[in-house]
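One structure below.
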Protein chains: 2
Amino acid sequence: MKRETTPDTCPAAPALRAIAGRWKTHIIYLLGEEGPVRFNAIQRRLAPVSPKVLTSRLRELAKDDLVWREQEETIPPKVTYGLTDLGREVHEVLKSFDAVGRKFDSVAPEEKS
Amino acid sequence: MKRETTPDTCPAAPALRAIAGRWKTHIIYLLGEEGPVRFNAIQRRLAPVSPKVLTSRLRELAKDDLVWREQEETIPPKVTYGLTDLGREVHEVLKSFDAVGRKFDSVAPEEKS
DNA sequence: CGGGATCCGCACGGATACTG
DNA sequence: CAGTATCCGTGCGGATCCCG
């Protein structure tokens with residue numbers, strides 16, 4: 001098995017890897033700000049994410065115990081996702097990124113030739 | 001050009017993308033904890049990162065104004081990297097991830113059959 | 001010493017179509 | 001409604017060698 005052998009320089013690395021990627025932070029934010037949300041609602045809010053990718057990310061977040069999944073086997077089915085306690089913690093920390101985050105919008109402006 | 005059209009659900013997304021990847025957070029941590037460091041020192045501390053990758057990440061961080069680069073055109077050359085003010089801010093926020101970060105070490109335990 | 005050049009593998013992400 | 005299945009493009013990260 002490909003051990004990552006990542007240096008211990010940054011203790012936050014595992015947590016950051018767990019929320020890395022194009023959609024995960026948006027998912028956490030959405031669930032954190034608006035409480036439990038159903039699959040289709042998430043997909044619409046995070047458009048243009050594809051169902052495959054969204055499912056994949058939600059499963060990963062669930063595996064890392066950041067979100068929970070509640071399924072009603074009705075017809076039509078109804079699946080709801082929400083933040084766990086750990087997920088809520090992450091959401092809080094994420095919010096502390098907002099202030100510094102805004103400063104990035106003005107940086108790295110396309111170098112056009 | 002492939003516009004990202006990412007939803008505005010998570011304001012922290014740009015900042016997080018700027019520090020995403022396997023090495024960037026480690027770089028920020030290293031520079032933040034130990035002040036300006038020379039290239040070779042960084043590479044040794046973050047082993048087994050390759051020089052190409054390290055250079056690439058450092059350049060990206062510099063472009064995003066998280067680190068600065070100081071080059072002395074001596075022989076042998078001497079290049080030193082350090083955190084900018086913005087980089088230091090990010091380092092601080094990163095540290096707030098440590099507490100919650102530790103909880104991830106115990107999660108996602110190998111599914112062994 | 002601090003890179004650049006080149007080649008490569010893989011995981012993430014995307015598009016489209018189909019299903020219980 | 002909430003996914004799966006399939007195919008594919010791209011970019012990150014890695015390995016190795018070479019250069020000013």
Side-chain angles (χ1 to χ4, degrees), chain A residues 1-7 9-10 13 16-27 30-31 36-64 67-82 108, chain B residues 1-7 9-10 13 16-27 30-31 36-64 67-82 108:
Chain A
M1 178 145 189
K2 190 69 150 57
R3 211 27 70 191
E4 286 240 349
T5 64
T6 311
T9 318
C10 172
L16 286 161
R17 296 222 104 188
I19 61 166
R22 183 167 173 188
W23 302 111
K24 289 187 179 175
T25 59
H26 293 281
I27 294 171
L30 179 58
L31 299 184
V37 186
R38 294 181 55 181
F39 186 89
N40 252 341
I42 301 178
Q43 194 188 344
R44 261 190 297 273
R45 292 293 306 275
L46 301 193
V49 65
S50 76
K52 187 200 94 169
V53 171
L54 181 55
T55 302
S56 180
R57 300 309 143 233
L58 284 168
R59 293 269 205 277
E60 290 170 14
L61 289 172
K63 200 183 59 141
D64 286 334
V67 312
W68 47 258
R69 195 184 105 107
E70 190 188 60
Q71 181 171 9
E72 290 181 52
E73 280 287 8
T74 59
I75 295 193
K78 182 175 172 180
V79 181
T80 311
Y81 293 90
Chain B
M1 177 138 184
K2 193 66 150 51
R3 210 32 64 193
E4 284 239 349
T5 64
T6 312
T9 317
C10 172
L16 287 160
R17 296 221 104 189
I19 62 167
R22 182 167 173 188
W23 302 110
K24 290 187 178 175
T25 59
H26 294 281
I27 294 171
L30 178 59
L31 300 183
V37 187
R38 294 181 55 181
F39 186 89
N40 254 337
I42 301 178
Q43 193 187 346
R44 261 190 296 274
R45 292 294 305 274
L46 301 193
V49 65
S50 76
K52 186 202 95 170
V53 170
L54 182 56
T55 302
S56 179
R57 301 307 145 233
L58 283 168
R59 292 269 204 277
E60 291 171 12
L61 289 172
K63 200 181 61 139
D64 286 334
V67 312
W68 47 260
R69 195 185 105 106
E70 191 188 60
Q71 181 172 9
E72 288 182 55
E73 281 289 4
T74 59
I75 294 191
K78 180 175 173 181
V79 182
T80 311
Y81 293 90

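Chain letters run A, B, ... following the sequence lines, proteins first and then strands; every chain starts at 1. Reckoned from all heavy atoms, side chains included, excluding hydrogens, waters and symmetry mates. From a predicted model like this one, the values you see are computed outputs, not experimental measurements.
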Next on the checklist: Run the side chain to side chain contact (heavy atoms under 4.5 Å, CB included) test on A/I27 and A/I19 for me, step by step, so that the C-alpha distance in whole Å, both residues' side-chain angles and the decisive distance to 0.1 Å come before the verdict.
Outcome noted: CA-CA 10 Å; A/I27 294 171; A/I19 61 166; over 6 Å; no
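C/dA11 atom P lies 14 Å from atom NZ of A/K24, rounded to whole Å. Between A/H26 atom NE2 and C/dG13 atom P the separation is 11 Å, expressed in whole Å. What separates CZ of B/R57 from P of D/dG14 is a distance of 9 Å, to the nearest Å. Here C/dC1 presents its P atom at 16 Å from CD of B/E73, a figure rounded to the nearest Å. As rounded to whole Å, 9 Å separates atom C1' of C/dG14 from atom CZ of A/R22. Between A/L61 atom CG and C/dG13 atom C1' there is a gap of 15 Å when expressed in whole angstrom units. Rounded to whole Å, the distance from CZ on B/R17 to C1' on D/dC12 is 11 Å. For B/L54 and D/dG13, the CG to P distance is 12 Å, given to the nearest whole Å.
Defining each end axis of the helix from C/dC1-D/dG20 to C/dG20-D/dC1 as the rotation carrying four pairs' C1' atoms onto the next four, with five pairs an end, the two axes are found to diverge by 50° to 10 degrees.
Applying the side chain to side chain contact (heavy atoms under 4.5 Å, CB included) test to A/P48 and every residue at least two apart in sequence or in another chain returns A/W23, B/T5. Contacts of A/V79 classified as side chain to side chain contact (heavy atoms under 4.5 Å, CB included), with partners at least two apart in sequence or in another chain: A/R69, A/Q71, A/Y81. Residues passing the side chain to side chain contact (heavy atoms under 4.5 Å, CB included) test with A/S56 are A/E60, sequence neighbours excluded. Under the side chain to side chain contact (heavy atoms under 4.5 Å, CB included) criterion, B/T9 pairs with A/H26, A/Y29, A/L30, A/L46, B/P7, sequence neighbours left out.
Contact check, B/W23 against D/dG14: a side-chain N or O comes under 4.0 Å of OP1 or OP2. Phosphate contact (OP1/OP2 of D/dC1, side-chain N/O of A/R38, threshold under 4.0 Å): absent.
Atom OG1 of A/T55 sits about 3.5 Å away from atom CZ of A/F39, to the nearest 0.5 Å. Taking CG of A/L31 as the start and CG of A/L58 as the end, the distance is 7.5 Å to the nearest 0.5 Å. Rounded to the nearest 0.5 Å, atoms OG1 (A/T25) and CZ (B/R17) are 8.5 Å apart.
In this structure, B/S50 and B/E60 both approach DNA chain D, and ranking their closest nucleotides by distance from the 5' end singles out B/E60.
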Checklist entry - Nucleotide by nucleotide, 5' to 3', does protein get under 4.0 Å of the base (B), only the sugar-phosphate (S), or neither (-) in nucleotides 3-9 of chain D, counting heavy atoms? => result BBBBB--
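Between B/K78 and B/E70, the closest side-chain pair of non-hydrogen atoms is not below 4.5 Å.
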